[in-house]
Amino acid sequence: MRWGRPLPAQVQAGVALPFLISTLVWGSTWFVITTQLAYAPAAWSIAWRFLLGAVAMFGVAAAMRAPLLLPRAAHGLALVVGVTQFVVNYLFVYGAEAQIASGLVAIVSALLLVPNALFARAFLGQAVSRRFLIGSAVAIAGLALLFAHELGRDAADRGRVLLGVALSLGGVMSASTANVLQATQRARALPAPTLLAWSMAYGAVIDVALACLTDWPPRFPLAPAYIAGVLYLALIGSALTFSLYFGLIRRVGPARAGYVGVLIPVVAMALSTMFEGYRWTATAAAGATLALAGLLVAMRARSPAR
């Protein structure tokens with residue numbers, strides 16, 4: 001399938017709000033994750049986040065009058081999505097944030113659009129247009145400038161930076177796998193809230209098991225900042241935003257939905273400027289500008305035919 005006509009106006013309107021909310025919320029979660037690492041091991045922070053998030057997702061499914069039970073044959077899919085999206089991905093992300101600045105992790109994670117597009121082409125038959133490829137190249141060039149700037153600031157500890165980047169890339173590949181699975185015909189035949197709730201539940205159970213194995217006994221600090229962070233990440237950064245984002249994947253495909261990740265680093269770096277003392281340079285500003293320009297070019301590319 002080639003990318004056909006541009007998205008109709010009513011579809012664009014239905015895409016813009018989920019896109020904006022996903023970008024703003026996930027752009028802020030990187031900073032919140034960093035604050036949590038000061039209170040508890042990453043394994044337990046991940047476990048609490050998705051335990052509460054799964055409960056909230058079943059509440060969302062009930063509110064949307066979606067069935068709360070999956071067909072028996074669909075549980076394997078839910079398990080794979082849960083492992084790739086809510087276990088492996090976040091183990092890599094939290095591990096990366098223990099090594100490098102949250103803004104840099106967000107920058108690397110923005111490359112999600114690349115495997116999303118490649119996997120969609122390989123497994124879903126969604127070819128991409130030249131305009132999309134040009135926009136992607138411009139956006140990646142902008143991200144590369146941001147990355148080069150951050151790497152230069154941490155030249156004295158490049159081993160740690162490179163480890164953080166490698167972990168971030170591992171998270172990108174795992175998340176991309178889950179993204180493309182969400183766009184398959186098998187997944188699209190299931191109610192999105194139901195599949196997401198069960199996927200998050202499976203992921204949460206595995207997260208708890210891993211936390212017990214690696215960081216026993218359980219730890220839940222009662223510091224107000226930690227509790228607020230868990231609530232924000234679980235309810236807003238997980239239940240709400242994943243519902244919107246996975247709906248976006250089903251509507252416009254994983255390649256275009258992956259462009260949520262291009263704007264996230266800009267939001268993350270803005271928060272770093274306000275709360276972590278980040279200082280912009282000409283290189284960083286040029287990188288952010290190129291990333292935005294690439295986003296605009298690619299988002300105006302042709303949409304995949306249904």
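Side chains included, hydrogens not; waters and symmetry mates left out as well; all remaining heavy atoms used.
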Trainee: Is Leu240 reachable from Leu248 through a run of hydrophobic residues whose side-chain heavy atoms are each under 4.5 Å from the next?
Mentor: yes
Trainee: If you look at every heavy atom in Ile249 and Asn179, which pair is closest and at what distance?
Mentor: CG2-O, 3.6 Å
Trainee: Do any side-chain atoms of residues 56-69 form donor-acceptor pairs under 3.5 angstrom with protein atoms, and if so which ones, sequence neighbours left out?
Mentor:
none

Trainee: Using the side chain to side chain donor-acceptor pair (under 3.5 Å) rule, collect all pairs that involve residues 197-225, keeping only residues at least two apart or in two chains.
Mentor: His75-Tyr202
Trainee: Taking all atoms of both residues into account, what is the closest heavy-atom pair of Val172 and Pro115, and its distance?
Mentor: CG1-CG, 3.8 Å
Trainee: If you compare all heavy atoms of Gly171 against all heavy atoms of Asn89, which two are closest, and at what distance to 0.1 Å?
Mentor: O-OD1, 3.1 Å
Trainee: Kindly compute the distance separating CG (Leu231) from CD1 (Ile236), expressed to the nearest 0.5 Å.
Mentor: 9.5 Å
Trainee: Indicate yes or no: at least one non-hydrogen side-chain atom of Leu196 is less than 4.5 angstrom from one of Phe86.
Mentor: yes
Trainee: Is the distance between the ring centroids of Phe19 and Tyr245 under 6.0 Å?
Mentor: no
Trainee: Within this structure, what is the CD-CZ distance for the pair Gln85 and Phe246, rounded to the nearest 0.5 Å?
Mentor: 4.0 Å
Trainee: In Å and rounded to the nearest 0.5 Å, what is the CH2 to CG distance from Trp26 to Leu233?
Mentor: 12.0 Å
Trainee: Where do Ser109 and Trp30 come nearest, in terms of heavy atoms and distance?
Mentor: OG-CH2, 3.3 Å
Trainee: Evaluate the side chain to side chain donor-acceptor pair (under 3.5 Å) criterion for residues Ser45 and Tyr226: first the C-alpha distance (whole Å), next the side-chain angles of each, then the deciding distance (0.1 Å), finally the verdict.
Mentor: CA-CA 9 Å; Ser45 294; Tyr226 185 81; 2.9 Å; yes
Trainee: Please list, chain by chain and in numerical order, all residues satisfying ring pair (Phe, Tyr, Trp, His ring centres under 6.0 Å) with Trp44, sequence neighbours excluded.
Mentor: Trp48
Trainee: Looking at every non-hydrogen atom in both residues, tell me the closest pair between Gly287 and Leu145 and how far apart they are.
Mentor: CA-CB, 3.7 Å
Trainee: Closest approach of Tyr90 and Ile46, non-hydrogen atoms and distance?
Mentor: O-CD1, 3.4 Å
